[in-house]
**Q** 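Structure in structure tokens, see below.
Convention: sequence-line order gives letters A, B, ...; per-chain numbering from 1. What you see is a predicted model, and the numbers here were worked out from it, not measured in a lab.
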Number of protein chains: 2
Amino acid sequence: MPLSRAKIAATAIRLADDHGLDGLSVRKIAKALGVGPMRLYDYVANKSELLDLMVDAVYAEIAEADQPAEWRATVLAIVHRTRAAALDHEWFADLLGARPRLGPHALAVGEATAAALSQAPGVRGIDDLQRALSVLSAFLTGALRAEVTERRTARSTGTDVTAWQTSLGPYLTRMLDTGRYPTVARLVVEGAHLDAEETFHHNLTTVLDGITRDPRR
Amino acid sequence: MPLSRAKIAATAIRLADDHGLDGLSVRKIAKALGVGPMRLYDYVANKSELLDLMVDAVYAEIAEADQPAEWRATVLAIVHRTRAAALDHEWFADLLGARPRLGPHALAVGEATAAALSQAPGVRGIDDLQRALSVLSAFLTGALRAEVTERRTARSTGTDVTAWQTSLGPYLTRMLDTGRYPTVARLVVEGAHLDAEETFHHNLTTVLDGITRDPRR
DNA sequence: GTGCGCTACCGTACGCCGTATCCATGAGAT
DNA sequence: ATCTCATGGATACGGCGTACGGTAGCGCAC
């Protein structure tokens, strides 16, 4: 079976899913494919192009068309598929926003999002649309990055509260006991029980409400 | 003059400003300080702790206290200082959201932001506060990442429109000419003249308006 | 049939990285 | 004068991305 860009990307994605972006190297991908490292460069100019390939492959998962619906439902669907993809492929969140999204599938997702947003009330012209798109994708990028980061630290310190406290506790409680961070302290002590998905959805609603508010009061 | 964590961080920051995170290595920092590479490990456990040091040093710039003011003015000031820092230190945007923000100065910024947000109308309890903080910082993270990425590609392809068109044009216009991305095409052709800072401010306003809207209609 | 150029593949090698480990030096204590 | 011990340096290891030279196979001109 001959090599191909798609096969390379698929293998790279599997490795990145298992070992993270830091654990991903051209040599390991090649070994997993049973070829010499330099073979990959027959299909790809350099490693960053390979990352672009991986990213666009994930956008392909996100792009699956759903039947046309009201703008808000469409946006919600796309955004939630993106979140699902980022949780499946945590490295995807690391790359989000770090490179121009120009692959064909990324463009398809952008097109669907833009088309839906252009139907939203409060989005009146091309400038409004451009801005709406950029707030939404900024929020999405940041929220997914944060969620993935939190997940990773939870995994590395242990999920339960006691493990977390013993690992970060000494430093953090010392910090908070200085009394210089009262509000943060309150958040740590009294907060922290919110469900991640529900928070994401709530915040997304906040952003969409901001977009659709009437800008002239 | 002996080494110190602060001196190391300052040198690392200068190098990262000049050559980016990819161009930053322990060996180069050591050389710039006129010592052997391994000396740095007397002050730092590993490279990622060094990055944490750098990040918190930037948060120190952001944390400079301003006189107490109305909540929105305070938030605007902090956010705009963060943006300024990210434009001064583009690598900072790469790291934003990628690691837990727990340094003393990062905590100080978090504290000031949380304290201000807790005064905002529509933020009614600790859960509201937690959510408001997370939308805001998700937006901030994503927006800065996007702005820095755009800036970098602009710099690498050349600033003016013609250079951009000749570098990405062939691929992009071919893509857009397929007719599969009409809305994106409109955005590319008719948009693109918006000022970055003004867009940022507008989008920030959108998010803050979303936060302060009355959630019970 | 024979020689030739071209393409497609491959292994080796270079210069870098983070960092573990061992060694030299020399100051201060006894 | 000798011992102790902190300080800084050199070396080395395993891994990285990728440049490059070689070679094996094949279509084709004569």
Side-chain angles (χ1 to χ4, degrees), chain A residues 1-57 90-92 94-95 98-100 103 152-153 156, chain B residues 1-57 89-92 94-95 98-100 103 149 152-153 156:
Chain A
M1 183 158 38
L3 238 42
S4 72
R5 284 164 71 92
K7 272 199 55 128
I8 293 174
T11 307
I13 286 175
R14 192 164 36 77
L15 288 181
D17 286 348
D18 290 350
H19 304 100
L21 268 195
D22 288 350
L24 184 73
S25 74
V26 172
R27 299 166 116 100
K28 287 178 190 164
I29 301 169
K31 178 168 290 183
L33 288 164
V35 302
M38 291 312 287
R39 287 317 89 236
L40 304 194
Y41 288 92
D42 295 335
Y43 300 84
V44 139
N46 48 42
K47 188 178 180 180
S48 101
E49 188 177 314
L50 199 153
L51 294 180
D52 288 340
L53 238 50
M54 295 168 63
V55 168
D56 210 57
E90 299 191 342
W91 53 269
F92 182 69
D94 298 326
L95 260 24
R99 50 192 67 237
R152 281 202 264 245
T153 68
S156 81
Chain B
M1 183 157 41
L3 238 44
S4 72
R5 285 164 72 91
K7 272 199 58 131
I8 293 174
T11 307
I13 287 175
R14 193 163 36 77
L15 288 181
D17 287 347
D18 291 349
H19 305 99
L21 267 195
D22 287 349
L24 184 71
S25 74
V26 172
R27 298 164 118 101
K28 286 178 191 165
I29 300 169
K31 179 169 289 184
L33 287 164
V35 302
M38 291 312 287
R39 287 315 90 232
L40 303 195
Y41 288 92
D42 294 337
Y43 299 84
V44 139
N46 48 42
K47 188 180 182 178
S48 102
E49 188 177 315
L50 201 153
L51 294 180
D52 288 339
L53 238 49
M54 294 168 62
V55 168
D56 210 57
H89 311 289
E90 298 191 345
W91 53 269
F92 182 69
D94 297 326
L95 260 24
R99 52 192 65 238
T149 299
R152 281 202 264 246
T153 68
S156 83

**Q** Between which nucleotides of DNA chain D, read 5' to 3', does contact with chain B run, using atoms under 4.0 Å from its heavy atoms?
**A** D:dG8 to D:dA12
**Q** List the residues meeting side chain to side chain contact (heavy atoms under 4.5 Å, CB included) with A:L53, not counting sequence neighbours, and say none if there are none.
**A** A:R5, A:A9, A:V44
**Q** Using distance only, find each side-chain donor-acceptor pair of residues 21-30 of chain A under 3.5 Å and give its atom names and separation, not counting sequence neighbours.
**A**
residue	atom	partner	partner atom	Å
A:S25	OG	A:K28	N	3.1
A:K28	NZ	A:G23	O	3.2

**Q** What closest approach, in Å, do A:A57 and A:I13 show between heavy atoms, and which atom pair accounts for it?
**A** CB-CD1, 3.7 Å
**Q** Working to the nearest 0.5 Å, report the span between CG of A:L95 and CG of A:D52.
**A**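 Result: 8.0 Å between the selected atoms.
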**Q** Check each residue of residues 31-42 of chain B for a non-hydrogen atom within less than 4.0 Å of any atom in DNA chain C, then write out the ones that pass by number, or none.
**A**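 B:M38, B:Y41, in order of number.
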**Q** Starting at CG of B:D22 and ending at C1' of C:dG18, how long is that distance when rounded to a whole Å?
**A** 15 Å
**Q** Could you walk me through whether B:D42 and B:L3 pass the side chain to side chain contact (heavy atoms under 4.5 Å, CB included) test, one step at a time?
**A** CA-CA 9 Å; B:D42 294 337; B:L3 238 44; over 6 Å; no
**Q** If we fit an axis to the first five pairs and another to the last five of the helix from C:dG1-D:dC30 to C:dT30-D:dA1, what angle do they make, to the nearest 10°?
**A** 40°
**Q** Could you tell me the separation between the CG atom of B:L50 and the P atom of C:dC17, rounded to a whole number of Å?
**A** 14 Å
**Q** Sorted by first residue and then second, give each side chain to side chain donor-acceptor pair (under 3.5 Å) pair with at least one member in residues 10-19 of chain B; sequence neighbours left out.
**A** B:D17-B:H89, B:D17-B:W91
**Q** Under 4.0 Å: is that the gap between some side-chain N or O of B:K28 and OP1 or OP2 of C:dC17?
**A**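 Yes, within the criterion.
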**Q** Do you know which two heavy atoms are closest between A:T153 and B:P100, and how far apart they sit?
**A** CG2-CG, 3.5 Å
**Q** Just how far is it from atom CD of A:E49 to atom OH of A:Y43, taken to the nearest 0.5 Å?
**A** 13.5 Å
**Q** First locate atom CD of A:E90, then atom CG of A:D94, and finally report the distance between them rounded to the nearest 0.5 Å.
**A** 8.0 Å
**Q** Quick one: do B:M54 and B:L50 satisfy side chain to side chain contact (heavy atoms under 4.5 Å, CB included)? Show the steps, please.
**A** CA-CA 6 Å; B:M54 294 168 62; B:L50 201 153; 3.7 Å; yes
